[in-house]
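Below is one structure, written out as C-alpha cells, with a few remarks after it.
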Amino acid sequence: MPIAGRIEPGVFERVDEPLFPPDALREGLANALCHRDYGDFGGSVSVALFDDRLEIASPGELPFGLTPEQLKKPHSSRPWNPLMANVFYRRGIIETWGRGTLKIMELLDKAGLPAPEFLNQTGSFVVTFRIPEEKQLTPQVTPQVTPHDAPQVEQLLEICIQPLSRQEMQDGLGLKDREHFRKYYLRPALDAGLIEQTIPQAPKSKFQKYRLTQAGRTYLQNMKKRRE
C-alpha cells in the first residue's frame with residue numbers, strides 16, 4: 001500500500017503511515033475470522049490488494065437476515081460463531097459485538113478516506129476499502145508539463161533536493177504571493193506527478209511537506225543533461 005513518511009520534531013526515527021489505518025484493517029480481519037462460515041471446508045479468509053481497492057473476503061454470507069446496509073448503522077450482533085466471538089472479545093481482539101463495522105467507518109472517515117463497502121457475494125461476505133484515485137499506485141509515465149509551466153516547474157524541482165514545506169519552497173524561490181506560487185509552481189508540478197506530498201492521507205496537515213517523485217528526479221536529470 002502507499003505509505004507516507006514524516007519527520008516529527010524531537011523524534012529521531014521517521015514516522016511511517018500506511019494509507020489505510022491499521023486498526024481499520026485489523027478490525028476487518030478480526031470480523032472475517034470470527035464471523036466466517038467454518039462449515040465451508042474449501043474456503044478461507046482472504047485479503048487481496050488491487051490498484052484501486054483492498055478486499056477482505058470470508059466464506060459465508062451475513063447471518064440471520066442481516067443486510068449490508070444495516071451494518072452502516074447501530075445493529076445487534078448474532079455471529080455465526082458465538083464461542084469464537086466471545087474468545088475474541090475476552091482477548092481484546094474485538095471490543096464489543098456489533099460495533100466492528102461502525103468502528104471501521106469511523107476510522108476511515110477520520111483518515112479522510114471513502115466509506116467501506118459491504119457486500120454479500122456468491123456465498124462470501126466482502127469488505128472493500130477503496131483507494132482514492134489520487135493515492136493509487138500507478139505506473140510511472142512521462143510527465144507532461146506545458147512550455148508555459150516548464151520554467152517555473154524546473155525552478156521548483158531544483159530546490160526540492162530534500163522534502164520541503166510549502167512555505168520553505170516559496171521562501172527558497174523568493175516568492176511572497178502564496179496564490180501565485182500555488183498556481184504557477186506547486187499545482188503544475190503536482191499535476192505532472194513530479195512532486196508528491198509526504199502525508200497524502202492528510203493534505204492539510206501542518207507537518208505536510210513535498211518531495212520529488214521518481215518521475216521528478218528523472219525529469220530533473222534530463223533537464224540538467226540538456227543544459228550540459
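Sequential numbering from 1 along the given sequence is applied to the chain's residues.
Proximity of a side-chain donor or acceptor of Asn120 to a complementary backbone N or O of Thr67 within less than 3.5 Å is not detected. A distance-only check finds no donor-acceptor pair linking the side chain of Asn81 to the backbone of Leu83 [under 3.5 Å]. The backbone N or O of Lys176 lies less than 3.5 Å from a partner atom in the side chain of Gln170, making a donor-acceptor pair. A donor-acceptor pair is defined here as one N or O able to donate and one able to accept, closer than 3.5 Å; such a pair exists between the side chain of Thr198 and the backbone of Lys209.
Residue Val126 comes nearest to Ala57 through the heavy atom pair CG2-CB, 3.9 Å, listed as atom of the first residue, atom of the second, then distance. Taking each heavy atom of Ser44 and Pro59 in turn, the nearest pair found is N-CG, 3.4 Å. The minimum heavy-atom distance linking Ser58 with Ala32 is given by the pair CB-O, 3.8 Å. Across Arg217 and Leu212, no two heavy atoms sit closer than the pair NH1-O, 3.3 Å.
At least one side-chain heavy atom of Phe129 sits under 4.5 Å from a side-chain heavy atom of Ile104. Contact check for Asn31 versus Phe125: no side-chain heavy atoms found under the 4.5 Å cut-off. For the pair Leu119/Thr128, no side-chain contact is recorded, criterion being any heavy-atom separation below 4.5 Å from C-beta on. Here the side chains of Leu19 and Leu113 are in contact, with some heavy-atom distance below 4.5 Å. By the 4.5 Å heavy-atom criterion applied to side chains, Leu164 and Tyr210 are not counted as neighbours. Put simply, the side chain of Arg14 reaches to within 4.5 Å of the side chain of Ile7, judged on heavy atoms. Inter-residue side-chain proximity for Arg166 and Phe181 is flagged as met; some heavy-atom pair is nearer than 4.5 Å. When side chains are defined from C-beta on, His180 counts as touching Tyr185, because their heavy atoms get closer than 4.5 Å.
Between the CD atom in Glu117 and the CD atom in Glu55 there is a gap of 9.0 Å [rounded to 0.5 Å]. For the atom pair SG of Cys160 and CD of Glu168, the computed distance is 10.0 Å after rounding to the nearest 0.5 Å. Ile199 CD1 to Phe207 CZ: the interatomic distance, rounded to the nearest 0.5 Å, is 7.5 Å. To the nearest 0.5 Å, the span separating CG on Leu107 from CE on Met105 amounts to 11.5 Å. One finds the CD1 atom of Ile195 at 5.0 Å from the CE atom of Met169 (value rounded to the nearest 0.5 Å). In this structure, the separation between CG on Leu108 and CZ on Arg130 is 13.0 Å, given to the nearest 0.5 Å.
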Practice item. Please lay out, stage by stage, how Phe20 and Gln201 fare under the test side-chain contact (heavy atoms from CB on, under 4.5 Å). Key: CA-CA 9 Å; Phe20 296 117; Gln201 69 272 30; over 6 Å; no
Review point. Please walk me through it: do Phe88 and Leu33 pass side-chain contact (heavy atoms from CB on, under 4.5 Å)?
Key: CA-CA 10 Å; Phe88 274 40; Leu33 289 169; 4.1 Å; yes
Practice item. Carefully, step by step, assess Thr101 and Lys72 under the rule side-chain contact (heavy atoms from CB on, under 4.5 Å). Key: CA-CA 7 Å; Thr101 53; Lys72 299 178 181 179; over 6 Å; no
Check your understanding: Under the side-chain contact (heavy atoms from CB on, under 4.5 Å) criterion, do Met84 and Tyr38 qualify, and how do the steps go?
Key -> CA-CA 11 Å; Met84 181 176 287; Tyr38 284 92; 3.7 Å; yes
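The neighbour count for Gln162 CD, taken as heavy atoms of other residues, nucleotides or ligands under 6.0 Å away, does not exceed 12. Open room surrounds CD on Glu13; 12 or fewer heavy atoms of other groups in view lie less than 6.0 Å from it.
Residue pairs meeting the salt bridge (charged side-chain N to carboxylate O under 4.0 Å, His left out) criterion with at least one partner in residues 100-116, sequence neighbours excluded, are Glu27-Lys103, Glu95-Lys103, Arg99-Glu106.
The same ILVMFWY cluster, assembled from side-chain heavy atoms under 4.5 Å apart, contains both Ile159 and Tyr219. The hydrophobic cluster containing Leu220 also contains Leu173, counting ILVMFWY residues as joined when their side-chain heavy atoms lie under 4.5 angstrom apart, directly or transitively. Note on Val87: it does not cluster hydrophobically with Ile94, by side-chain heavy-atom contacts below 4.5 Å among ILVMFWY residues.
Under the side chain to side chain contact (heavy atoms under 4.5 Å, CB included) criterion, Val47 pairs with Leu29, Leu54, Ile56, sequence neighbours left out.
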